[in-house]
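Count residues from 1 along the sequence. These numbers were taken from a predicted model, which means no experiment stands behind them.
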Amino acid sequence: KAGERQPFIMSAFDADNHVIEVRNTDALWAVDGNIGTIDETGLFRAETVGSGTIRAQLITAPKITAQTNTITVQAGALAKLILSSIPTALKVGNTHQLTINGVDAFNNAVAVQNTDVAWEVIGDIGSVDSAGNFLATQAGSGRIKATLKADGNITATITLTVIGPAFDLHVPGGIRLIHLPLAVTTVNDKPMKIQRIGDFYDALGGADNVNFIITRDTSAGVWRSFL
């Protein structure tokens with residue numbers, strides 16, 4: 001399996017099958033098939049899933065080459081969880097099916113099921129069931145965390161944003177006064193962070209669409225107008 005080590009020992013014989021004394025360091029070692037690495041002493045480390053062979057060639061004449069039978073490397077122990085990608089932003093009421101994947105220490109795929117992990121939502125933005133199905137219930141930012149039930153030290157986390165219900169603002173011709181006592185998070189179905197009145201002004205189209213804006217300054221407890 002990936003991560004395991006196996007020493008190989010080279011032996012040599014003459015034409016009459018008599019043993020000739022050689023050392024592992026008398027040969028050049030190589031791995032065919034990109035399944036791992038081997039050092040000058042013949043110590044092989046399995047790394048990548050697949051099949052291959054190991055070759056050893058004497059450095060001095062006669063430069064005889066020996067090759068092993070086919071070696072098959074399998075994935076090692078699960079070392080890391082990976083959560084499937086999720087949309088940058090979900091709307092309240094939307095659902096998204098999460099998928100968990102696993103890899104060993106060498107990034108070889110290791111089979112893992114959604115039910116092999118404990119799911120958790122960090123931040124009051126929604127809920128996730130045992131199968132990894134997330135339901136967005138409240139606007140805000142948060143994280144979804146998956147923890148391997150068999151080993152609590154192996155986890156995966158993703159960050160996501162939930163946006164509130166759509167609010168469509170239609171300004172009829174001739175209207176020059178807009179009053180919006182609410183937080184703006186989406187403009188034209190695109191998530192947008194409004195931090196200043198100028199951001200809101202630009203999002204609405206600037207001078208071509210807006211002449212006058214009134215907002216409520218909740219910290220000062222006053223109304224403010226902008227031309």
Check the pair Glu120, Val128 against side-chain contact (heavy atoms from CB on, under 4.5 Å), reporting the backbone distance first and the verdict last. CA-CA 7 Å; Glu120 177 186 5; Val128 61; 5.9 Å; no

Step by step, work out the side-chain contact (heavy atoms from CB on, under 4.5 Å) result for Phe13 and Ile20.
CA-CA 5 Å; Phe13 304 86; Ile20 299 175; 5.7 Å; no

Discussion item. For Phe44 and Ile35: C-alpha separation, side-chain torsions, deciding distance, then whether side-chain contact (heavy atoms from CB on, under 4.5 Å) applies.
Written reply: CA-CA 10 Å; Phe44 170 71; Ile35 57 173; 4.0 Å; yes

Exercise for review: Could you please spell out the steps behind the side-chain contact (heavy atoms from CB on, under 4.5 Å) verdict for Ile163 and Val92?
Suggested key: CA-CA 6 Å; Ile163 58 180; Val92 170; over 6 Å; no

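Contact of the Asn114 side chain with the Trp119 side chain is registered, since non-hydrogen atoms from C-beta on lie closer than 4.5 Å. Put simply, the side chain of Ile144 does not reach to within 4.5 Å of the side chain of Ile122, judged on heavy atoms. The shortest distance between side-chain heavy atoms of Leu98 and Ile158 falls below 4.5 Å. Side-chain contact between Leu43 and Ile38: absent, with no pair of heavy atoms (C-beta onward) separated by less than 4.5 Å. For the pair Met10 and Trp29, the minimum side-chain heavy-atom distance is below 4.5 Å.
Only one option out of Ile100, Thr155, Leu78, Asn153 pairs with Leu148 in a side chain to side chain contact (heavy atoms under 4.5 Å, CB included); it is Leu78. Exactly one of Asp129, Ile125, Leu90, Thr95 qualifies for a side chain to side chain contact (heavy atoms under 4.5 Å, CB included) with Leu135. That residue is Thr95.
For Gln74, the CD atom is loosely surrounded, since the number of other residues' heavy atoms within 6.0 Å does not exceed 12.
When all heavy atoms of Thr72 and Ser51 are compared, the pair lying nearest together is OG1-OG, 3.4 Å. Between Ala27 and Ala56, the closest heavy-atom pair is CB-CB, 4.3 Å.
Val117 and Ile154 fall within the same hydrophobic cluster, defined by Ile, Leu, Val, Met, Phe, Trp and Tyr side-chain heavy atoms under 4.5 Å apart, directly or through other members. Taken together through direct or relayed side-chain contacts under 4.5 Å among Ile, Leu, Val, Met, Phe, Trp and Tyr, Val112 and Leu83 form part of one hydrophobic cluster.
Here the side chain of Asn24 pairs a donor or acceptor atom with the backbone of Phe8 at under 3.5 angstrom.
The list of salt bridge (charged side-chain N to carboxylate O under 4.0 Å, His left out) pairs with a residue in residues 52-66, not counting sequence neighbours, reads Asp32-Arg55. Legend: salt bridge (charged side-chain N to carboxylate O under 4.0 Å, His left out) pairs involving residues 142-162, not counting sequence neighbours: none detected. Note on residues 40-50: pairs passing side-chain hydrogen bond (donor to acceptor under 3.5 Å, both in side chains), not counting sequence neighbours, are Thr37-Glu47, Asp39-Thr41, Arg45-Glu47.
Gln97 CD to Phe134 CZ: the interatomic distance, rounded to the nearest 0.5 Å, is 12.5 Å.
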